Amino acid sequence: MAWTNEDVARQFAEIATLLKLSGADSFRVRAYERAAGAIGAATADLSSLDEADMSQLKGLGSSTAKKISEYLQTGSIGMLDELRAAVPAGLIALTRVPGLGPKTARLLHEELGVDSVQGLREAIDTERLRGLPGLGPKTEVNLREALSRLGAKDTGRLPMADAIAIAEELCARLARLPEVEQVAFAGSLRRMRETVGDVDVLAAATDPGPVHAAFRDSDLVTEVLAAGDKKTSVITRAGVQADLRVVEPDAWGAALVYFTGSKAHNVRVRERAVRRGLTLNEYGLFDRESGERRASRDEAEVYGAMGMTVVPPPMREDAGEVEAAAGGTLPRTVQLGDLRGDLHGHSDWSGDGKATLEEMVTAAAERGYAYWAVTDHAEDLPMNGLSRERMLARREAIAALQQRYELRILEGAELNIGVDGGVDYDPAFLAGFDWCVASVHTLMNRPGPEQTARIIAAMEHPSVHAIGHLTGRLIGRRPAYDVDLDAILEAALGTRTALEINASPRRLDLSGEMVRRAVDAGVTLTISCDAHSVGDLASMRYGVATAQRGWATPELVLNCGDLDRVLTFTQDKRSRSRAR
DNA sequence: GCCGTTTTCGGCCCGACTGTTTTCAGTCG
């Protein structure tokens, strides 16, 4: 059995969780959490390293290295097995009850024998919580309410796109208040993680009282969880928790850093501050001796005062970005303004397109693009695909429309990767297209090796310029299918095929983590919206965030180049195929 | 358990809010 780094990271995350529930020293717990993070972020395959190499990785010592090789060799870790035997699995579920942490879970188990959420329900109903140290009547009520919410709500995490809609509405309302100087959403949403657990809103105001009051009293809010001078927590009508923090306008930058970074990024940055005789909190960067404030106004000032360049929010995950920003080696990643065109989009020539070709082209031109590829579905896709005749008719429509636009309309198609990697039409017909994306739309449950093989076979085709939404996942709805990414990356390099970062917030496929591996391999990427409507063209920002999460630079992203670069890329692939 | 421009031992990031407490522990982010 070959174990992936993710498999290994999960073991250490579980050790950390179980240690916490056994009351272990908190620094030891943190060491395991860090090890899990370091393993997850490692770019090298752990199974290719020996223990000495492993312990060279930051956050991994000899003890962790030994356990990693134990896992790689035997498929289990003795320490983890012992912890699993000692800690009832239900205690982990208990800590997912909001307001109930590891200490309380342990107390409930030791004093009352509670080892499940159901057990907690019964203990509350039979009033057995009363008399436990530290648990008063208010806690009992809170836990009862948390349990009823838990039952009503589904799994908890919300797809990022849904959360952004809520966050933007909350921000827009706060921005209208006269007291508010600045307002933004922060947290995992600003980092544009694919799913988020809650919505963090940050406002700058000299008088915070009315801002908190307006937030609490909004008709978007159904329940107030906490209300203080500095922080308000609510449940919104959409069922998701939203937290508001209000800070002095002078502290805006420090607060934005503090509330945007992942926990691990923040820990790393604050440690760096401490080593420089400084301390960082949400109010600013301060000298530890004199208490003098060194920086706080904006993010550039705060990072700058610690000798760092500003880290784009999606990269703030403690995946090496703190060290790179401090060492001046942080790459200049893709920004929205770098995009010169979009290489995957649909018109109503496809059955599922919701806007006319002209509407789509107009919208693309309004975004300032130099080119836009209309990649309507090809004939093998039932219902939505275009026959050869319809494609030829569309060719005339494109030619007619092109006369009125400076933007170059690339005549494209989204091909369907068949069971053995074949695609629609015949090679001569396909050679007449400017740009083709090939995607898997059928047989998504094939085993990994088969799925990988058919995609690689499609890459061999001289007219397949990019692979669309590589893993087929729909966030929160359909899991990614199993592909061997290393083999795909190698084939992409060998066949000169680009891999798409599908910017649709339902997909984000490649994921940021996969982008990082593609970047390390030097594979050409595209960032495309797969737009089926005019509004979908605005998804580009999600694709850019995913590219940043994977440290992608404009040089690796084909559609950051001008039209010539795109056309040269397709010609290179075709001439390479002829030469073989 | 990890780590070193004070260190191979003794530290390890920071603050808000709540509830149960007469000064703080637990939880959360």
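Every value quoted in this text rests on a predicted model; they were computed, and no experiment measured them. Below, all heavy atoms of this structure are taken into account, side chains as well, without hydrogens, waters or symmetry copies. Residue numbers begin at 1 in each chain, while the letters A, B, ... track the order of the sequences.
Counting only residues at least two apart or in different chains, ring pair (Phe, Tyr, Trp, His ring centres under 6.0 Å) contacts with residues 39-79 of chain A comprise A:W3-A:Y71. Sorted by first then second residue, the ring pair (Phe, Tyr, Trp, His ring centres under 6.0 Å) pairs that include residues 34-56 of chain A, not counting sequence neighbours, number zero. Here salt bridge (charged side-chain N to carboxylate O under 4.0 Å, His left out) pairs that include residues 124-137 of chain A, with residues two or more places apart or in two chains, are A:D125-A:R144, A:E127-A:R130, A:R130-A:E140. The stretch residues 85-108 of chain A participates, sequence neighbours left out, in these salt bridge (charged side-chain N to carboxylate O under 4.0 Å, His left out) pairs: A:R106-A:E110.
OP1 or OP2 of B:dC2 has at least one side-chain nitrogen or oxygen of A:T64 nearer than 4.0 Å. Here A:S233 does not reach the OP1 or OP2 of B:dC17: none of its side-chain N or O atoms lies under 4.0 Å away.
A heavy atom lying under 4.0 Å from DNA chain B marks the following residues of residues 258-275 of chain A, by number: A:Y258, A:K263, A:V267, A:R270, A:E271, A:V274. Contacts with DNA chain B (heavy atom under 4.0 Å) in residues 129-141 of chain A: A:G134, A:L135, A:G136, A:P137, A:K138, A:T139, listed by number. For the contact set between residues 102-119 of chain A and DNA chain B, defined by any heavy atom under 4.0 Å, the members are A:P102, A:K103, A:T104. Scanning residues 290-311 of chain A for heavy-atom distances under 4.0 Å to DNA chain B yields an empty list.
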Take A:V311 and A:V322, measure what side chain to side chain contact (heavy atoms under 4.5 Å, CB included) needs, and give me the verdict at the end. CA-CA 8 Å; A:V311 181; A:V322 174; 6.0 Å; no

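For the side-chain hydrogen bond (donor to acceptor under 3.5 Å, both in side chains) test, residues two or more places apart in sequence or in another chain that qualify with A:R332 are A:D338. Partners of A:R297 under the side-chain hydrogen bond (donor to acceptor under 3.5 Å, both in side chains) rule, at least two apart in sequence or in another chain, are A:E301. Annotation: side-chain hydrogen bond (donor to acceptor under 3.5 Å, both in side chains) contacts of A:R516 (sequence neighbours excluded): none. Considering only residues two or more places apart in sequence or on other chains, A:D198 meets the side-chain hydrogen bond (donor to acceptor under 3.5 Å, both in side chains) condition with none of them.
Across all strands, A:R288 comes closer than 4.0 Å only to sugar-phosphate atoms, never to a base (heavy-atom distances).
For B:dT21 and B:dG26, the C1' atoms lie 12 Å apart once the distance is rounded to whole Å.
Look at B:dT8: it lacks any Watson-Crick or wobble partner with both distances under 3.5 angstrom.
We find that A:R294 and A:D287 are joined by a salt bridge, their nearest charged nitrogen and carboxylate oxygen being less than 4.0 Å apart.
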